Amino acid sequence: MKLDRQFYAAPTLRVARSLLGQVLVRRSPQGDRAGIIVETEAYTQNDPACHASRGKTRRNAAMFGPAGTAYVYFIYGMHYCFNVVTAREGIGEAVLIRALEPITGIPLMEEARGLTDGKLLCSGPARLCQALDITAALDGVSLTGETLFILAGSQPQSIVTASRIGISAGQDLQYRFYLSGNKFVSKK
DNA sequence: CCGAGGATCATCT
DNA sequence: GATGATCCTCGGT
């Protein structure tokens with residue numbers, strides 16, 4: 001069953017945790033690709049690492065849309081990262097999806113990534129975007145649609161809380177969450 | 001295993 | 001003009 005707007009329209013830290021164990025699905029003419037969400041990071045209001053912390057710009061516009069909107073941005077001249085917009089519309093909060101455990105459409109992922117090592121298919125925010133063909137074309141789309149959405153999965157097991165990866169500001173905040181012991185998490 | 005460095009460009013100052 | 005919510009490769013240990 002597909003997660004609805006209500007699921008996303010909750011406090012961002014709570015959504016970041018509750019997304020663990022759910023199944024991200026990318027539907028394309030080639031077929032479906034899907035994976036279990038095993039690692040997330042929250043980005044909130046008044047959080048210096050949040051792209052929306054300095055107001056609305058061309059890049060982050062999708063963050064200010066309704067909960068359940070996809071925010072996809074381009075970084076380092078070659079990578080995309082995918083976020084789910086959360087909480088109240090207009091405040092600019094989101095959850096970065098950092099890693100998936102691949103379950104469906106693995107051959108398509110391997111082709112998109114140019115490798116067959118399952119461990120490296122979706123273990124990292126840019127890796128999963130490449131594997132699922134998530135690009136700027138999906139920035140702003142609604143997760144209530146048919147091209148990118150999230151299905152209710154199994155109940156999360158033990159969840160680990162940690163500092164976020166790759167940021168300079170806000171290192172002190174414990175806004176990263178991942179499934180304990182899952183081998184597809186991007187980093188320990 | 002680990003760290004350093006480069007790739008590469010849209011966005012913002 | 002500098003930077004970045006990353007990844008890959010290469011060289012050393």
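Below, all heavy atoms of this structure are taken into account, side chains as well, without hydrogens, waters or symmetry copies. Bear in mind that the values here come from a model prediction, so they are computed numbers and not experimental data. First the proteins, then the strands, lettered A, B, ... as listed; each starts at 1.
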Asker: Find every protein N or O atom lying less than 3.5 Å from an N or O atom of nucleotides 8-13 of chain B, and list the pairs.
Answerer:
| unit_1 | atom_1 | unit_2 | atom_2 | d |
| --- | --- | --- | --- | --- |
| B:dT8 | O2 | A:Tyr76 | O | 2.4 |
| B:dC12 | OP1 | A:Thr57 | OG1 | 2.1 |
| B:dC12 | OP1 | A:Arg59 | N | 3.4 |

Asker: Where does the chain A footprint on DNA chain C start and end, counting 5' to 3' with a 4.0 Å heavy-atom cut-off?
Answerer: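 With heavy atoms of chain A under 4.0 Å away, the range is C:dG4 to C:dC8.
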
Asker: Hydrogens and angles aside, do A:Tyr8 and A:Gln6 bring a side-chain donor and acceptor to less than 3.5 Å of each other?
Answerer: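 There is no such pair (donor and acceptor under 3.5 Å, judged by atom type) between the side chains of A:Tyr8 and A:Gln6.
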
Asker: If pairing requires Watson-Crick or G-U wobble contacts with both distances under 3.5 Å, which nucleotide is the partner of B:dT8?
Answerer: none

Asker: A:Thr40 and A:Arg17: side-chain donor and acceptor closer than 3.5 Å?
Answerer: no

Asker: Taking A:Asp32 first and then A:Arg26, would you say they form a salt bridge - that is, a charged N and a carboxylate O separated by under 4.0 Å?
Answerer: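 No, this pair does not count.
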
Asker: With rounding to the nearest 0.5 angstrom, report the CG to CD1 distance, A:Leu20 to A:Ile37.
Answerer: 7.5 Å

Asker: Can you tell me if NZ on A:Lys187 sees more than 12 non-hydrogen neighbours from other groups inside 6.0 Å?
Answerer: no

Asker: Select base, sugar-phosphate, or nothing to describe what A:Ala49 touches, counting heavy atoms under 4.0 Å on all strands.
Answerer: base

Asker: Is the NZ atom of A:Lys183 crowded by more than 12 outside heavy atoms at less than 6.0 Å?
Answerer: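 For A:Lys183, atom NZ is not crowded (no more than 12 foreign heavy atoms under 6.0 Å).
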
Asker: With sugar-phosphate meaning primed atoms plus P, OP1 and OP2, does A:Arg176 contact a base, only sugar-phosphate, or nothing at under 4.0 Å between heavy atoms?
Answerer: nothing

Asker: Taking the six-membered ring for Trp, is the centroid-to-centroid distance between A:His51 and A:Tyr73 below 6.0 Å?
Answerer: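 Between A:His51 and A:Tyr73, the centre distance is under 6.0 Å.
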
Asker: Can you measure from CG (A:Leu128) to CD (A:Glu39) and round to the nearest 0.5 angstrom?
Answerer: 9.5 Å

